[in-house]
Amino acid sequence: MKQPTAIRPAEGKLGVLLPGMGAVATTTIAGVLLARTGKALPVGSLTQMATIRLGRRTQRRVPKIAEFVPLAGLDQIEFGGWDIFPDDAYEAAEHANVLESKHLEAVKDELRLIHPMKGVFYPGYVKRLHGTHTKTAASKAEMVEQVREDIVKFKRDRGCDRLVAVWCGSTEAYIESSAVHESIAAFEEGLRKDDPTISNAQIYAWACIKERVPFGNGAPNLCVDFPAAWELSREHGVPLAGKDFKTGQTLMKTILAPGFKARMLGLHGWYSTNILGNRDGEVLDDPDSFRAKEVSKLGVLEHILQPDIYKELYGNLVHKVRIDYYPPRGDSKEGWDNIDLFGWLGYPMQIKVNFLCRDSILAAVAQLLFQEPDDGARPLPRARSVHPADETQEHAPVDDG
């Protein structure tokens with residue numbers, strides 16, 4: 001997608017559609033509702049809190065990004081989404097037990113008005129969940145059309161000028177890209193034939209791209225990172241983004257690993273284990289779903305450290321990851337990392353990290369970064385592609401989360 005010569009003002013309502021209206025989604029929604037009425041600060045939000053430097057440092061021209069870039073204001077956002085449980089946003093937030101009652105009660109009436117549309121649910125991809133608020137269809141192709149109808153209806157009924165969607169559902173079972181993901185024709189044939197490698201998340205993503213709704217993936221499973229999705233996004237001029245919110249342990253890796261690499265410090269090993277007790281933890285207790293998360297976590301260090309280039313420093317890195325479901329912990333996740341590194345002349349050192357975090361609090365802020373129009377009139381600047389082979393091509397920008 002080429003660099004735009006003009007950027008249209010972000011006027012009218014922006015509809016934010018969230019497939020999966022559980023802990024992360026409802027924490028995001030409640031936070032936006034609180035922030036836009038001045039009842040809380042949107043801490044952690046790049047668009048709302050960060051500044052951008054213009055000109056020379058000595059000029060001290062540092063407006064907030066929200067004041068400089070034509071993004072939708074928090075008061076322009078209209079929330080909606082899908083879920084496999086019928087709870088409204090207030091009930092879902094209460095069940096998630098992330099936010100304190102003082103925050104939920106302050107926006108209770110608005111949360112009560114947000115009801116999820118019936119969700120796409122083929123249970124083989126999230127075996128630990130048993131949905132009760134789900135769509136039925138004769139085929140996955142028909143399921144895509146039902147989601148498209150939901151999108152059109154939501155936009156019309158809520159008076160939205162443009163839409164975006166962010167996957168907030170649970171981590172699905174690990175799926176590798178296969179022949180059905182190689183082209184639009186192959187994927188649509190797979191939809192008609194109910195191909196087992198086409199998951200719930202892919203169905204939402206395909207419907208959104210068809211309706212020219214930019215789509216971000218907040219989970220590590222295969223969703224928009226395959227050739228057919230890239231081809232369809234290019235045809236429709238639709239931005240795609242994301243490969244997991246990277247909220248807890250992976251967040252620490254994306255902070256620490258670039259520092260080690262910048263100082264040319266070597267790594268012998270990185271052992272990670274963490275416990276969590278929310279719905280995500282329950283889902284990840286299934287080996288197939290954990291595998292998707294594991295691949296994402298393991299890939300982060302390889303992507304950052306480039307062991308193929310820096311063989312002496314990272315070529316023999318041993319990287320281990322564990323996740324354990326521990327219900328008493330709820331949404332308060334705890335991660336332990338042991339990092340074996342080495343410095344000048346190969347002398348060994350260790351770093352120990354104990355991160356006690358709130359999973360949904362960290363994930364919520366990631367969603368406010370993705371605000372784009374749905375008609376291709378204001379394309380995104382060139383971004384890094386998910387697919388290395390596409391690095392030199394002009395196409396709908398895709399990032400790796």
Side-chain angles (χ1 to χ4, degrees), residues 1 17 19-20 82 84 117-127 131 134-153 163-167 169-243 288-289 291-292 295-296 374-376 385-390 393-398 400:
M1 184 177 288
L17 292 170
W82 299 264
I84 62 173
M117 296 173 277
K118 286 186 176 181
V120 175
F121 187 57
Y122 294 91
Y125 306 102
V126 275
K127 298 171 187 173
T134 59
K135 297 182 183 298
T136 58
S139 68
K140 291 182 178 179
E142 184 182 311
M143 194 68 82
V144 167
E145 294 307 309
Q146 289 189 27
V147 176
R148 293 183 68 182
E149 289 171 11
D150 288 343
I151 294 169
V152 171
K153 186 175 186 299
L163 304 173
V164 296
V166 182
W167 172 263
S170 298
T171 299
E172 295 181 329
Y174 179 70
I175 295 173
E176 290 188 350
S177 183
S178 61
V180 76
H181 301 101
E182 287 299 309
S183 69
I184 294 174
F187 192 86
E188 295 196 330
E189 179 66 13
L191 288 169
R192 289 189 289 271
K193 292 183 176 179
D194 287 340
D195 190 287
T197 60
I198 296 178
S199 69
N200 304 314
Q202 293 171 37
I203 288 170
Y204 282 111
W206 200 257
C208 286
I209 300 170
K210 285 276 192 177
E211 291 300 322
R212 290 179 166 81
V213 176
F215 192 95
N217 175 28
N221 45 264
L222 190 69
C223 180
V224 293
D225 45 331
F226 55 88
W230 304 332
E231 183 183 350
L232 190 67
S233 75
R234 283 193 291 267
E235 280 191 7
H236 290 73
V238 178
L240 303 176
K243 187 68 173 176
D288 291 335
S289 292
R291 177 60 179 154
V295 169
S296 173
D374 63 319
D375 59 2
S385 166
V386 164
H387 194 279
D390 285 346
Q393 298 180 15
E394 289 184 340
H395 61 81
V398 200
D400 63 0

Please name all residues satisfying side-chain contact (heavy atoms from CB on, under 4.5 Å) with [X], sequence neighbours left out, ordered by chain then number.
X      : result
Glu235 : Ile184, Glu231, Leu232
Ala201 : Trp167, Glu172, Ser199, Asn221, Cys223
Glu149 : none
Thr197 : Ile175, Ser178, Val180, His181, Asp195

Working to the nearest 0.5 angstrom, can you tell me the gap between [X] [atom1] and [Y] [atom2]?
X      : Y      : atom1 : atom2 : answer
Trp230 : Leu240 : CH2   : CG    : 10.0 Å
Asp288 : Thr171 : CG    : OG1   : 12.5 Å
Glu182 : Phe226 : CD    : CZ    : 10.0 Å

Those residues that, when tested against [X], pass salt bridge (Lys or Arg N to Asp or Glu O under 4.0 Å) (two or more places apart):
X      : answer
Arg192 : Glu189
Asp150 : Lys135
Glu188 : Lys210

Got [X] and [Y] here, is their nearest side-chain heavy-atom distance under 4.5 Å?
X      : Y      : answer
Tyr204 : Val120 : yes
Leu17  : Met117 : yes
Tyr122 : Ile203 : yes

- Not counting sequence neighbours, which residues clear side-chain hydrogen bond (donor to acceptor under 3.5 Å, both in side chains) with Tyr174? List them please.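 Applying side-chain hydrogen bond (donor to acceptor under 3.5 Å, both in side chains) to Tyr174 gives Glu176.
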- Please confirm whether the backbone N or O of Ile84 pairs with a side-chain atom of Thr134, one donor and one acceptor, at under 3.5 Å?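 Answer holds: no.
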- Say whether, by atom type as modelled, one donor and one acceptor occur between the side chain of Lys243 and the main chain of Asp225 under 3.5 angstrom.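 No; zero donor-acceptor contacts below 3.5 Å.
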